[in-house]
Amino acid sequence: MSYVLIPLGLGFIVFFMIVYMASRYKRCPSDKILVVFGKVGTGRSARCIHGGGSMVWPIVQDYAFLGLTPMTIGIPLKNALSMQNIRIDVPSTFTVGISTEPGIMTNAAERLLHLGSKEIEQMAGEIIFGQLRLTVASLTIEQINQDRESFLEAIRKNVEPELNKVGLYLINVNITDITDESTYIESIGKKAAAEAINRAKVDVAEQEKSGAIGEAEAVREREIRVAENLAQSEKGKKKAEADQRIFVQGQEAEAVAGENTAKAHIAATNAELAIKEAEAMQRGEVARRQAQAEVQKAEYLAEQERLNAAEVVKVEVERRKIEIAAEAEAERSRRTARGRADATLAEYEAEAKGVRQLLDSKAAGYQSLVSSCGGDARAAATFLMVEKIEEIVEKQVEAISKLKIDKITVWDSGNGTGTGSSTSNFVSSLIKSLPPLQDIASMAGVELPGYLGSMTEEESAEEAKQQKKPNSRPE
């Protein structure tokens, strides 16, 4: 019995190993990339497989899938600076996907394996945004707007190598619309439309001229042919009649009267024939001249239309240049005025702030002084007046010191009153002209403290008496 169980056990083990190994064989769907990582070979970080399958050994290897579903990324590029320093808006849509190229697949396995689709789209969008702005900066507005194929090729040339570095490749680029704030592109379109309209007008005028010339030539040819036919028919008819008459005259040659009559008829016929030929020639010449006049008229009208079209285009271009220059000058004036107003406002604000701080400091000092005087504002004012007394006295002394006494000449004859001479009175008056400290303090409404002295009653009475006298001086 044991001999039977051993083969069964070995067979079960072999079957289990076969099933397990089969489960470790991983197949890759067509819309995914199988990435086997771990111990995959020297110098390799991963082995990428697109289509088919691969054995994934347990413990030393593991696997994951990368999706190949394309991603659509909107790039709302605004205010991109072109080569002409004109800012434009280039809204666009880019379709990208993970590449199946061997080297690029390895880049995707190393940089995108465990990222979600949102993270991959954000990374690709940042790369595209920078490269698109770089592409716009290397081109002019005309190259961007008129040659879209070259513009898209330049975008692909700049964007795709950067996407390949992270394992992506560019599938499609769609530029929806290109606009600019300065309406430069719109002006280019208007200019092209005006040129097309003017060319169409010139072509129409050329065709009308050709038609008029052809019609005039056909009319002239028809009239000439009709005139020639009429002249030939009339000439043949007259010639036949003349021949017949000549024949009759030959038959009647014997009759002198008949011969003379025949000659007269022949002369009349020749004269009439000459008249008919002249009339036909005249009509042909008139028709030719009229045809030439019509041709010249058509050429004149065509040339006039061409000149009008050229003048319209020139005037339109000049008008647009003037408008652009005026707008630029107005914008510069606005910005200059705005800057000047901001500077003036800042200067006034700084000056007001300084004055406010000075007044606040003075108010705080005065408040502290009043507080130190026990809330007595008069005492505080007295202290402030006392501080200024020294400066006032200094100013008075300075005023007197500048008088050159040795240069003063006084003629003193005496006044006869016994109260002193005029010279002594002059010096006394000069000294008294300096206002005493008590007067200055009283004029300021401040009462000086007692230790600074006071005026005597006699001095007060004298001062009052002097104030009552009229303010006059001798001549």
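Quick caveat: nothing in here was measured; it's all calculated off a predicted structure. Both backbone and side-chain heavy atoms feed into the values below; hydrogens, waters and symmetry mates do not.
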Residue pairs fulfilling ring-ring contact (aromatic ring centres under 6.0 Å, His included) with at least one residue in residues 33-75, sequence neighbours excluded: Tyr63-Phe65

Measure the [atom1]-[atom2] distance between [X] and [Y] for me, rounded to the nearest 0.5 Å.
| X | Y | atom1 | atom2 | answer |
| --- | --- | --- | --- | --- |
| Asp89 | Lys78 | CG | NZ | 6.5 Å |
| Ile141 | Ile86 | CD1 | CD1 | 5.0 Å |
| Ile33 | Cys28 | CD1 | SG | 7.5 Å |
| Ile155 | Ile75 | CD1 | CD1 | 11.0 Å |
| Arg156 | Ile171 | CZ | CD1 | 9.5 Å |

I'd like to know if Arg319 and Glu323 make a salt bridge, using a cut-off of under 4.0 Å between side-chain N and carboxylate O. yes

Please list, chain by chain and in numerical order, all residues satisfying salt bridge (charged side-chain N to carboxylate O under 4.0 Å, His left out) with [X], sequence neighbours excluded.
| X | result |
| --- | --- |
| Arg332 | Glu329 |
| Arg27 | none |
| Glu347 | none |

Apply side-chain hydrogen bond (donor to acceptor under 3.5 Å, both in side chains) to [X] and list each qualifying residue two or more places apart in sequence or on a separate chain.
| X | answer |
| --- | --- |
| Ser54 | Arg47 |
| Glu311 | none |
| Asn158 | Thr135 |
| Ser150 | Asp147 |

Given Ile98, which partner from the list Leu68, Leu163, Val166 fulfils the side-chain contact (heavy atoms from CB on, under 4.5 Å) test? Leu68

Donor-acceptor list for residues 338-345 side chains, cut-off 3.5 Å, not counting sequence neighbours:
| from | atom 1 | to | atom 2 | distance (Å) |
| --- | --- | --- | --- | --- |
| Thr344 | OG1 | Arg340 | O | 2.9 |

How about Lys26: does its NZ atom have over 12 heavy atoms from other parts shown lying under 6.0 Å from it? yes

Would you say Ile59 has more than 12 foreign heavy atoms packed within less than 6.0 Å of its CD1? no

Donor-acceptor pairs under 3.5 angstrom involving side-chain atoms of residues 100-128: please list them, not counting sequence neighbours.
| from | atom 1 | to | atom 2 | distance (Å) |
| --- | --- | --- | --- | --- |
| Thr106 | OG1 | Pro102 | O | 3.1 |
| Asn107 | ND2 | Asn164 | O | 3.1 |
| Glu110 | OE2 | Ser45 | OG | 2.9 |
| Arg111 | NH1 | Lys165 | O | 3.3 |
| Glu119 | OE1 | Gly116 | N | 3.1 |

Applying side chain to side chain contact (heavy atoms under 4.5 Å, CB included), can you list everything that pairs with Gln357, at least two apart in sequence or on another chain? Lys353

side-chain hydrogen bond (donor to acceptor under 3.5 Å, both in side chains) pairs, two or more places apart, involving residues 282-296: Glu285-Arg288, Glu285-Arg289

Can you confirm whether Ile144 sits close enough to Ile178 that some side-chain heavy atom of one is under 4.5 Å from a side-chain heavy atom of the other? yes

